[in-house]
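Before any comments, here is the structure.
All values reported here derive from a predicted model rather than from experimental measurement.
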Amino acid sequence: MKKLLKYTIATAITLVILFSIAFTQKKMDSQIKDHELFFTGQIDNAPPMVVFTTMALGSFRGLVADLLWLRAASLQESKNYYEMAQLASWITKLQPRFATATAYLAWNMAYNISVTCSLWEDRWYWVWEGIRLIRDEALLYNPDDQRLYWELAVIFQQKMGNVLDNASYYYKSRLAAEMGQVLTPNPNWEMMRTMPKTKDEFMKRYPEGDDLWKDLRAEGIKDYDDLKTKFQTKGFLPNEVIAKLGNDRALKLDTAMRNIWLYEKYRLDSAIIYDLNKEYGDIDWRLPEAQAIYWASEGIRRTGRHNMQCARIIATSLQAMTVGGRVIWMKRELDQTPMLILEPNLDLIKSACRTYDWAREEANNLESFRTGKINYMKTGVLHLYNFNRRKDAEEVFKMLKETDNTVKYGSLEEFVDAELKEKLESATFKEINDIVMAYIRTALINYLNEDEEGVRNYELRAMKVWNDYQNGITGKKEKIRRGLAPYPTIRNQVVKQFLAEIEQSNPAAAATLRAKLQTQAAEREAEKAAEEKK
């Protein structure tokens, strides 16, 4: 009887303990979900190294990771940074769900270690290592961790896109140049999104028995790896391959290989890019701000949760690309080396305004978003007016008056003149240079439209802004700023760039404009000669 009582009590205690554990576990699971915490159990689609460490080492992973953290700290103190990069990867593999640690390691490389390097290419290496650690490793193990997407977007936007680092121009130039090898000048995103983005998908579409391989082998291309190596080495298909396949098949093959290259090197999915272009406008994906938008958007899309920080990244990146959102390559006059020029992308202004509204809603109507939108719209109206997009300028100006309804605004012209005058007082070199170039470009458009009055108006505006800015530099010591290039030099640069653009789409218009400009130049030379005789 006593033995039965003991067993009954033991069973009751066991059941109480089991129910308590179940209740505690349920509560812990709820807290894990609410606070975005993760357990370090089995990970889907993990590489063999991660599977081995998580299964074989068990709880000892934390101890090994702690030792590696101590080793990494000592390496940083002794400035042995390259071994640190390997340790960061090992720490991520040992504790793949510890996303906060990975975010710190990536930030440390991109911000702290990079600035210790004097050579810009060395800085680039460490910034890129930080990007790769999050993008290529941590997000593989934590596809639903919103913070990681935000951290990645911040590195692209602030470290590479902003001017906080004096190597930022180098970062932008290098990223644009390297992505320019992957993408054609005007990518057909609608076609790219239908193409395979991995080797497996490619081989499913073009299996071994496909005629494509017979034709490629006839031109000396043995298999997929050989095709990939030769394509990425040259950046295009050889002419003999194009001739063998025909233009249609060669175009599809070229697009497929670029799509795979884009995904494997940058983890950018062309189908997502196509959707983002539809939502915001035609984005130049060679820019760091574009990739910031991509990863911030993915942080919202993949997690299914809106986020104020990701929304802010999207809004401010669109704002930055409004004034510098198109990549133009020019050659330096002295040595003819490529020089990156960032041109405004005014097509993004309206979508950026909408994004400010959306970001403000995410931030519970935070006033700073409203103020940011107002300031942004003021700049947008000025840019649209300067580039002769009056209809769009009027539309954004109307939005501005509705948003900032406590201020009485006059006419569009009065607003533009007042803003331009204020801009001249405090504008940066780039802002003034953009305004001068915008007026010259608008004058060229009026040339094509045979609007002589418009030509004179915008030429005079460009010269006036140039003169006012230059006089502001030399007139007062407290206003000393970087001087603009000589006006003829700026004008020649804009003319050359404008002619190169329209020659691709309308050669006849380019020839007409070139003839008009030559006539104008001859008339000016004649006037100059006449003045000298007097």
Nearest 0.5 Å, what's the [atom1]-[atom2] distance between [X] and [Y]?
| X | Y | atom1 | atom2 | value |
| --- | --- | --- | --- | --- |
| Tyr149 | Arg301 | OH | CZ | 8.0 Å |
| Trp466 | Ile435 | CH2 | CD1 | 15.5 Å |
| Trp189 | Ile273 | CH2 | CD1 | 4.0 Å |
| Ile349 | Arg354 | CD1 | CZ | 12.0 Å |
| Glu208 | Asp223 | CD | CG | 8.0 Å |
| Ile300 | Gln309 | CD1 | CD | 11.0 Å |

Next item on the list: Return the set of residues passing salt bridge (charged side-chain N to carboxylate O under 4.0 Å, His left out) with Glu395 (not counting sequence neighbours), or none when no residue passes.
Entry: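 Checked Glu395 against salt bridge (charged side-chain N to carboxylate O under 4.0 Å, His left out); matches are Lys350.
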
Tell me, please, which residues at least two apart from [X] pass side-chain contact (heavy atoms from CB on, under 4.5 Å).
| X | result |
| --- | --- |
| Glu151 | Ala103, Ile134, Arg147 |
| Ala292 | Ala153, Phe156, Gln157, Ile313, Ser317 |
| Asp269 | Lys197, Ala271, Ile272, Tyr294 |

Next item on the list: Give every residue pair that meets the ring pair (Phe, Tyr, Trp, His ring centres under 6.0 Å) criterion with at least one member in residues 193-223, sequence neighbours excluded.
Entry: Phe202-Tyr206, Phe202-Tyr224

Note to self: Walk me through whether Leu412 and Val381 qualify under side chain to side chain contact (heavy atoms under 4.5 Å, CB included).
What the structure shows: CA-CA 9 Å; Leu412 175 62; Val381 171; 3.6 Å; yes

Next item on the list: Please identify each residue that fulfils side chain to side chain donor-acceptor pair (under 3.5 Å) with Ser351, with sequence neighbours left out.
Entry: none

Next item on the list: Sequence neighbours left out, what passes side chain to side chain donor-acceptor pair (under 3.5 Å) with Thr303? Give chain and number order.
Entry: Gln146

Contacts under 3.5 angstrom, residues 246-258 side chains, donor-acceptor by atom type, not counting sequence neighbours:
unit_1 : atom_1 : unit_2 : atom_2 : d
Arg249 : NE     : Leu245 : O      : 3.3
Arg249 : NH1    : Asp215 : OD2    : 3.3
Arg249 : NH2    : Asp215 : OD2    : 2.4
Asp254 : OD1    : Arg258 : NE     : 2.8
Thr255 : OG1    : Leu251 : O      : 2.8
Arg258 : NH1    : Gln181 : O      : 3.1
Arg258 : NH1    : Val182 : O      : 3.0
Arg258 : NH2    : Gly235 : O      : 2.7

Checklist line | Residue pair Glu394, Lys398: steps toward the salt bridge (charged side-chain N to carboxylate O under 4.0 Å, His left out) verdict | finding: CA-CA 6 Å; Glu394 289 173 345; Lys398 181 182 178 182; over 6 Å; no

Going by heavy atoms in the side chains, are [X] and [Y] under 4.5 Å from each other?
| X | Y | result |
| --- | --- | --- |
| Leu346 | Asp392 | no |
| Trp126 | Cys117 | yes |
| Asn492 | Lys496 | no |
| Val396 | Leu384 | yes |
| Asp136 | Leu140 | no |
| Arg389 | Asp347 | yes |
| Leu276 | Trp285 | yes |
| Trp124 | Met160 | yes |

Item checked: salt bridge (charged side-chain N to carboxylate O under 4.0 Å, His left out) between Lys204 and Glu201, worked out -> CA-CA 5 Å; Lys204 283 182 181 178; Glu201 291 178 10; over 6 Å; no

Checking [X] side chain against [Y] main chain: does a donor-acceptor pair fall under 3.5 Å?
| X | Y | result |
| --- | --- | --- |
| Asn345 | Asp282 | yes |
| Lys172 | Gly161 | yes |
| Asn277 | Ile283 | yes |

Exercise answer: donor-acceptor pairs, residues 261-268 side-chain atoms, under 3.5 Å, sequence neighbours excluded:
unit_1 : atom_1 : unit_2 : atom_2 : d
Glu264 : OE1    : Lys228 : NZ     : 2.9
Arg267 : NH1    : Tyr263 : O      : 3.2
Arg267 : NH1    : Glu264 : O      : 2.9

Checklist line | Set of residues satisfying ring-ring contact (aromatic ring centres under 6.0 Å, His included) with respect to Tyr439, sequence neighbours excluded | finding: Tyr458

Item checked: ring-ring contact (aromatic ring centres under 6.0 Å, His included) partners of Tyr170, counting only residues at least two apart -> none

Kindly give the heavy-atom pair with the smallest separation between [X] and [Y], and that separation in Å.
| X | Y | result |
| --- | --- | --- |
| Ser114 | Ala110 | OG-O, 2.6 Å |
| Ala393 | Tyr385 | CB-N, 3.9 Å |
| Trp120 | Asn166 | CZ2-O, 3.4 Å |
| Arg491 | Ile440 | CA-CD1, 3.8 Å |
| Ile293 | Ser297 | O-OG, 2.7 Å |
| Ser270 | Asn259 | OG-OD1, 2.7 Å |

Check [Y] with [X], please: is the shortest side-chain N to carboxylate O separation under 4.0 Å?
| X | Y | value |
| --- | --- | --- |
| Arg217 | Asp226 | no |
| Glu129 | Arg132 | yes |
| Asp210 | Arg205 | no |

Check: side chain to side chain donor-acceptor pair (under 3.5 Å): which pairs involve residues 232-244, sequence neighbours left out?
Finding: none

Margin query: Is there a side chain to side chain contact (heavy atoms under 4.5 Å, CB included) between Leu133 and Trp107? Walk through the geometry before answering.
Written below: CA-CA 10 Å; Leu133 185 65; Trp107 175 84; over 6 Å; no

Next item on the list: Could you give me the CA-CA distance, side-chain angles and deciding distance for Phe498 and Val495, then say whether side chain to side chain contact (heavy atoms under 4.5 Å, CB included) is met?
Entry: CA-CA 5 Å; Phe498 187 77; Val495 168; 5.8 Å; no

Next item on the list: May I ask you to check whether Tyr141 and Thr102 show a side-chain donor-acceptor distance below 3.5 Å?
Entry: no

Next item on the list: List the steps, then state whether side chain to side chain contact (heavy atoms under 4.5 Å, CB included) holds for Arg461 with Thr442.
Entry: CA-CA 10 Å; Arg461 280 174 174 266; Thr442 304; over 6 Å; no

